[in-house]
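Before any comments, here is the structure.
Counting convention: from 1, in listed order, for ligands and their atoms alike.
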Amino acid sequence: MTTKKNEKMEAIVSLAKRRGFIYPGSDVYGGLSGTWDYGPLGVTLKRKIMQAWWQHFVEARDDMYGVDAAILMNQKVWQASGHVDTFVDPLCEDTINHRRYRTDHILKDNGVDPDGMTMTQMDEAIAEKGLKSPDGNPLSASRTFNMMFTTHVGATHDEASVSYLRPETAQGIFTNFKNVVDSFYPNLPFGLAQQGKAFRNEISPRDFIFRSREFEQMEIEYFVHPDKWQEAFDELLASTHEFLHDLGLPSEAIHELDVPETDRAHYSKKTIDIEFDFPIGKEELMGIAYRTDFDLGNIQRVSNKSMEYVVKGTNEKFIPHVIEPSFGVERLMMAVLSSSYREDEVNGETRIYLALPEHLAPVRFAVSPLLKNKPELVEKAREVYRALKKKYGNVTWDDNGNIGKRYRRQDEIGTPHSVVIDFQTLEDGTVTVRDRDTTEQRRVSVEELLS
Ligand code: ATP
């Protein structure tokens with residue numbers, strides 16, 4: 001049985017690759033650190049998580065609007081937002097082999113909590129404790145490293161053509177604030193939501209998909225009257241807990257961290273990070289921040305366009321304040337995979353299964369004939385398969401190997417129901433449905449499955 005934390009992580013990474021959820025990026029060419037590719041089952045699970053989020057935070061509400069902004073944006077966006085100057089991590093270097101590390105990670109890995117420390121304080125702590133690089137060599141003093149990927153737009157390579165792969169989706173929302181207000185005249189409070197890729201040149205990507213260089217975010221900017229921020233914050237926090245519950249994440253593994261002022265961005269009046277007990281330890285899953293009018297104020301200052309909101313029927317106008325819930329899809333994937341990963345014993349053998357909630361399972365039903373050399377069984381099984389597929393979509397045909405092997409395979413990918421067509425089906429129209437979690441089998445009519 002794999003019970004140790006890092007062993008569990010390794011087991012999940014191995015299952016994810018073996019069964020077609022997540023592969024290392026560019027694997028065939030030796031990989032590209034910090035990138036991951038989603039296989040057929042992974043892309044389905046990921047989309048289901050993203051769809052569940054969209055349903056919960058956008059479609060089920062009448063105060064949210066969706067947007068989908070371009071990844072490449074005018075460089076002024078990132079100057080105004082502060083990313084060009086301050087989107088940095090502290091970097092130190094092994095003075096012998098020149099490998100580079102995040103200074104705060106070196107401290108954390110050696111049992112020192114770096115939260116709230118300045119870069120100088122981190123260097124002092126390293127010196128004081130005599131900490132070395134993972135290869136045992138002395139470390140250099142730290143410097144800052146900007147995490148944005150730079151590129152050039154167009155055929156000329158000069159200062160004016162510089163652009164960045166967006167390091168967050170949020171700015172694509174803020175830059176569309178005025179557009180949406182002008183098109184829809186929404187009453188405050190209202191939110192804009194976006195899902196999409198974000199890119200960060202992380203110094204040391206690690207822990208599977210937890211810290212990637214290319215990942216997916218789901219963010220909301222919720223615009224409020226400055227006096228009303230607290231109630232909006234509380235409501236979005238409660239709604240976040242509901243969403244995490246609906247993903248099947250156990251509440252005892254979810255923790256709120258009220259981020260102390262010293263660790264918050266200077267413009268944030270309150271930030272709550274939701275941490276999750278991952279196999280790698282308790283780490284940030286997502287965060288909710290009260291960002292005041294910092295972003296719209298910056299846009300107004302740099303663009304010279306008014307970002308003020310005029311309250312309908314009055315002369316009252318102000319720059320709205322913002323509550324920002326920010327989710328990372330990869331971290332939700334990792335939370336879902338690790339909390340659903342199970343090992344038990346069936347007939348004296350270790351069995352691995354993913355106890356995914358039914359609405360997230362990439363495959364809902366696997367259908368097979370008891371014997372694949374009996375044409376009448378195969379024909380009936382095909383009929384049942386087609387009917388289930390028409391109704392549910394994510395239904396698979398699986399007649400490889402014996403029944404035991406099929407069950408094991410379906411357990412590992414989290415298929416809740418395996419349906420087997422046997423000779424009794426031909427007589428009374430009932431099939432065997434085997435439950436993934438209990439392994440119990442019951443006879444059910446095909447009509448019942450389709451109802
Ligand atoms: P961390 O402190 O772990 O680097 P962060 O505080 O920089 O994260 P934010 O800028 O608040 O993260 O980004 C919002 C969310 O985006 C995070 O809560 C996380 O879910 C996700 N995220 C951020 N960086 C990464 C990454 N490198 N890989 C995967 N997801 C990420």
Discussion item. Could you check whether any side-chain N or O of N137 sits under 3.5 Å from a backbone N or O of T95, counting only pairs where one atom can act as donor and the other as acceptor?
Written reply: no

min-distance protein heavy atom vs atom 29 (C) of ligand 1 -> F210 O, 3.1 Å

For ligand 1, is there an N or O atom under 3.5 Å from any N or O atom of I209?
-> no

Item to check | Heteroatom distance test (F215, ligand 1): nitrogen or oxygen, under 3.5 angstrom | outcome: no

Going by the 4.0 angstrom heavy-atom rule, the piece of E284 near ligand 1 is side chain

side-chain contact (heavy atoms from CB on, under 4.5 Å) test vs I272 passes for just one of T240, L257, L237, namely L237

### Message
Less than 6.0 angstrom separating the ring centers of F276 and F278, yes or no?
### Response
yes

Under 4.0 Å from one or more heavy atoms of G328, ligand 1 contributes atoms 20 (O), 21 (C)

For atom 15 (C) of ligand 1, the closest protein heavy atom turns out to be S326 OG, 3.8 Å

re atom 20 (O) of ligand 1, the protein heavy-atom contact at minimum distance is L285 O, 2.9 Å

min-distance protein heavy atom vs atom 28 (N) of ligand 1 -> S212 N, 3.0 Å

State if L332 counts as touching ligand 1 under the rule of any non-hydrogen atom under 4.0 Å. no

Q: Please check if the side chain of N74 supplies one atom and the backbone of K76 the other of a donor-acceptor pair under 3.5 Å.
A: yes

- Query: Under 6.0 Å between the ring centres of F327 and F57?
  - Reply: yes

### Side-chain touch I209/F215, heavy atoms, less than 4.5 angstrom
no

Atom 4 (O) of ligand 1 has as its nearest protein heavy atom R211 NH1, 2.8 Å

- Hey, do the aromatic rings of F365 and Y392 have their centres closer than 6.0 Å? yes

Taking distance alone, with N or O pairs closer than 3.5 Å, would you say R102 contacts ligand 1? no

Nearest heavy atom to atom 12 (O) of ligand 1, choosing from E219, R200, E330, belongs to R200

The answer for which part of D273 has a heavy atom under 4.0 Å from ligand 1 is neither

Under 4.0 Å from one or more heavy atoms of Q217, ligand 1 contributes atoms 13 (O), 14 (C), 15 (C), 16 (O)

Row check, Y353 ring normal vs R351 NZ/CZ: under 6.0 Å, within 45°: yes

Near M286 (heavy-atom distance under 4.0 Å), the atoms of ligand 1 are 18 (O)

Requested in this report: Assess the side chains of T350 and E343: does a donor N or O sit below 3.5 Å from an acceptor N or O?
Outcome: no

For this session: Find out whether H245 and I254 are in side-chain contact, i.e. whether some heavy atom of one side chain is under 4.5 Å from a heavy atom of the other.
Result: no

